[in-house]
Peer 1: 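Sharing a structure below in structure tokens format, with a few things to ask.
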Protein chains: 2
Amino acid sequence: MTLDLPKGRAPSIRDVARLAGVSHQTVSRVLNDHPSIRDSTKAKVLQVMEDLQYRPNRAARALSRGRSRTIGLLSAESAYGPASSIAAIQDAAREAGYYVNTANLTNVDPESIEAAIDHLMNQSVEGIVVIAPQVRVFDVLEQLSIEVPFVTLSSRGLLNDNSLSVDQMTGAREATRHLIDLGHRQIYHLAGPQDWIEAEARMRGFLDEMWDRDVPTMAPILGDWTADFGYHAGRELLRMRDFTAIFASNDQMALGFMHACREAGLVLPRDMSIVGFDDIPEAAHFWPPLTTVRQDFAELGRRCIALLLSSLGDGPPSARPEPIVPKLVVRGSTAPPPF
Amino acid sequence: MTLDLPKGRAPSIRDVARLAGVSHQTVSRVLNDHPSIRDSTKAKVLQVMEDLQYRPNRAARALSRGRSRTIGLLSAESAYGPASSIAAIQDAAREAGYYVNTANLTNVDPESIEAAIDHLMNQSVEGIVVIAPQVRVFDVLEQLSIEVPFVTLSSRGLLNDNSLSVDQMTGAREATRHLIDLGHRQIYHLAGPQDWIEAEARMRGFLDEMWDRDVPTMAPILGDWTADFGYHAGRELLRMRDFTAIFASNDQMALGFMHACREAGLVLPRDMSIVGFDDIPEAAHFWPPLTTVRQDFAELGRRCIALLLSSLGDGPPSARPEPIVPKLVVRGSTAPPPF
DNA sequence: TTCACAATTGTGACCGTGCACATACGACCA
DNA sequence: TGGTCGTATGTGCACGGTCACAATTGTGAA
């Protein structure tokens with residue numbers, strides 16, 4: 001006495017209801033774990049669902065509830081760090097029953113940013129996570145007056161204060177202090193691109209520490225995060241050997257700089273001390289192994305979702321979270337100055 | 001004479017219709033670029049949409065059309081390569097008017113894989129892209145009998161033949177040939193994890209080339225892609241200096257191996273030749289700069305979406321695409337053997 | 001038994017859009 | 001003048017869930 005089903009169409013709660021001999025509303029209740037359903041009824045319905053390979057239709061649910069359970073992720077194609085936060089974000093969101101829709105940003109001109117946000121808004125995302133740490137992106141976001149809660153992964157107390165970050169300044173200060181403590185007095189800083197928030201914070205940390213310790217500073221070099229840049233900058237800088245240490249704003253640039261040093265015949269770390277930032281997994285195997293600052297990107301990603309969910313009214317009303325403090329990892333690329 | 005709108009609710013086509021003095025269906029036609037609409041009518045409707053900041057409701061659209069315009073991306077947390085394909089996939093999909101939903105795979109046990117696929121299916125994705133090149137993932141996929149078209153990024157002609165890949169074998173053969181041509185006869189292969197399809201293909205390429213050139217092979221070392229592994233494996237291998245060259249299955253392991261070489265007092269490339277695979281952006285700045293095999297991951301990602309879209313009936317019926325051929329990049333980490 | 005009340009289940013409308021079909025309008029031809 | 005056709009627009013319902021509310025059943029106390 002099997003009733004047959006409309007073929008070519010996925011089964012709906014009404015199909016399930018008919019076969020289970022209940023009303024569609026009862027099926028809906030089973031789906032949503034409504035408290036007052038007789039166990040026997042529930043079992044029967046679940047059995048039919050199983051038989052029919054029933055899957056709730058997300059669009060219908062979103063439509064009738066007015067909630068999409070989707071989070072948008074705006075990410076700028078970029079370095080190691082963000083990439084490892086992204087996985088954490090997706091995992092955390094999924095665990096909380098949300099879907100994640102990603103939009104990539106290849107350019108940071110206002111049009112692209114707006115287009116990407118638009119793309120996300122068009123799918124009725126309930127919240128947005130922004131991992132695009134360029135200053136410019138934030139400026140655009142600020143003007144866009146986005147209608148949904150959003151969280152940014154960077155350290156500027158702007159907008160709705162929903163921003164999270166690693167405490168870049170402290171990390172940079174530690175790195176700088178380490179060099180000063182070793183006895184270095186001529187220290188360059190290989191900074192990240194001017195318009196990156198992280199780059200700015202690291203540079204500030206460097207400058208502040210130098211200032212506090214009364215060490216005369218040399219103008220930072222503005223780079224672009226790549227190993228290539230570190231290499232070329234190194235070639236330039238090493239013409240005048242007027243420094244004994246360098247603090248690079250990320251590990252890639254540090255690597256490129258090391259390359260330039262070896263090419264110039266320097267022995268590391270005897271002739272030159274180098275500190276990086278990020279602690280990418282390869283840093284321990286550079287030659288010499290790189291002294292750097294470790295950040296916990298995964299933790300950052302998880303907190304990010306926690307914060308967003310609390311904005312959405314889901315999850316605990318997370319207190320304004322403290323920034324994650326990064327940690328200096330001393331390896332073989334730093335030593336006292338040669339004289 | 002502005003009619004006011006229900007507040008607290010986003011405007012719908014009916015709201016637009018009312019204000020524009022037309023029927024909701026006319027508004028729908030404007031949205032979908034229906035050919036027979038008077039220009040004046042269309043302009044009027046568009047104006048009202050603009051005024052109201054109207055956004056079509058995606059859920060409603062998906063429900064009524066029965067299409068979600070969403071693609072699922074199943075990705076295994078992994079190395080450099082896939083990461084750079086992902087951005088390309090997302091861009092290409094967005095350009096084609098699709099949304100991308102990502103599910104990460106942290107474990108590759110069958111339950112996790114099934115859960116991830118389930119997560120994607122639950123949002124009514126129309127197709128799935130799989131970037132999870134472990135053999136196991138494919139085995140599970142094969143058994144799961146997924147109801148939507150899907151494309152995989154790897155070189156096994158299985159399932160619906162919708163798989164794309166870089167021709168790993170050819171790349172590996174070229175790398176190996178390069179070492180043999182330099183005069184090396186004792187060559188180790190530092191392979192990737194057994195269960196990765198790429199790892200297998202590269203190992204096969206290595207073995208085939210060695211065989212064809214009548215060079216006796218030594219058993220490959222099975223690694224885990226990390227620089228750490230390359231380092232530790234290197235320490236072991238270098239106890240017996242019974243080889244003059246090594247072909248590592250990715251650049252990270254090559255880096256770790258170089259670390260071990262220097263620690264053992266070897267001068268590179270004089271005492272040891274090393275070839276990697278992938279050409280990550282940092283490889284040119286290793287010490288010495290790494291000879292490696294370059295793959296175009298972005299192109300791979302783009303083709304991937306093209307293939308999936310054609311399965312979905314969108315886009316041109318792309319002919320079965322040829323695999324992308326990687327290219328050997330010779331740098332400073334290879335030289336003739338010492339004797 | 002009978003009533004109050006809680007537990008369980010059913011009914012119908014609604015969410016916002018697209019589809020099938022009906023209708024109105026104008027042009028053109030016989 | 002009437003009929004035919006093509007363009008432009010309107011009407012009503014379906015999509016698959018959820019919500020508010022109504023109806024039914026079961027349980028214990030009076």
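First the proteins, then the strands, lettered A, B, ... as listed; each starts at 1.
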Peer 1: How many whole angstroms separate atom NZ of B:K44 from atom P of D:dA8?
Peer 2: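 Interatomic distance, NZ of B:K44 to P of D:dA8: 14 Å.
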Peer 1: Mind checking the CG-CD spacing from B:N101 to B:Q90? Nearest 0.5 Å is all I need.
Peer 2: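 The distance works out to 10.0 Å.
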Peer 1: Inspect the contact between B:K42 and B:D39 and indicate whether a charged nitrogen and a carboxylate oxygen are less than 4.0 angstrom apart.
Peer 2: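 Looking at B:K42 together with B:D39, the answer is no, because their closest N to O distance does not fall below 4.0 Å.
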Peer 1: Using a 4.0 Å heavy-atom cut-off, write out nucleotides 16-23 of chain D from 5' to 3' as B (base contacted by protein), S (sugar-phosphate only) or - (no contact).
Peer 2: BBBBBB--
Peer 1: Any Lys/Arg nitrogen of A:E126 or A:R67 sitting under 4.0 Å from an Asp/Glu carboxylate oxygen of the other?
Peer 2: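 A salt bridge links A:E126 with A:R67.
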Peer 1: Considering just the side-chain nitrogens and oxygens of B:T26, establish if one lies under 4.0 Å of OP1 or OP2 belonging to D:dA8.
Peer 2: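 So the side-chain polar atoms of B:T26 never come under 4.0 Å of the phosphate oxygens OP1 or OP2 of D:dA8.
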Peer 1: What integer distance in Å separates B:H34:NE2 from C:dC19:P?
Peer 2: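 It works out to 11 Å between those atoms.
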Peer 1: Figure out the CZ/C1' separation between B:R18 and C:dG16, and round it to whole Å.
Peer 2: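 Result: 14 Å.
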Peer 1: In whole Å, I'd like the distance from the CZ atom of B:R38 to the P atom of D:dG10.
Peer 2: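 From B:R38 CZ to D:dG10 P: 10 Å.
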Peer 1: In whole Å, I'd like the distance from the NZ atom of B:K42 to the C1' atom of D:dA8.
Peer 2: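 That distance rounds to 14 Å.
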Peer 1: May I ask you to evaluate whether B:T41 reaches the phosphate of D:dT9, defined as a side-chain N or O under 4.0 Å from OP1 or OP2?
Peer 2: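 True: B:T41 side-chain N/O within range (under 4.0 Å) of D:dT9 OP1/OP2.
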Peer 1: Donor-acceptor pair, B:D15 side chain versus B:S12 backbone, under 3.5 Å?
Peer 2: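 Yes, B:D15 side chain to B:S12 backbone: donor-acceptor pair under 3.5 Å.
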Peer 1: Taking the basic N atoms (NZ, or NE/NH1/NH2) and the acidic carboxylate oxygens, is any pair closer than 4.0 Å for A:R55 and B:D118?
Peer 2: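 Salt bridge between A:R55 and B:D118, a charged N being under 4.0 Å from a carboxylate O: yes.
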Peer 1: Salt-bridge test for A:R136 and A:D109: reply yes if a basic N is under 4.0 Å from a carboxylate O, no otherwise.
Peer 2: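 No, A:R136 and A:D109 are not salt-bridged.
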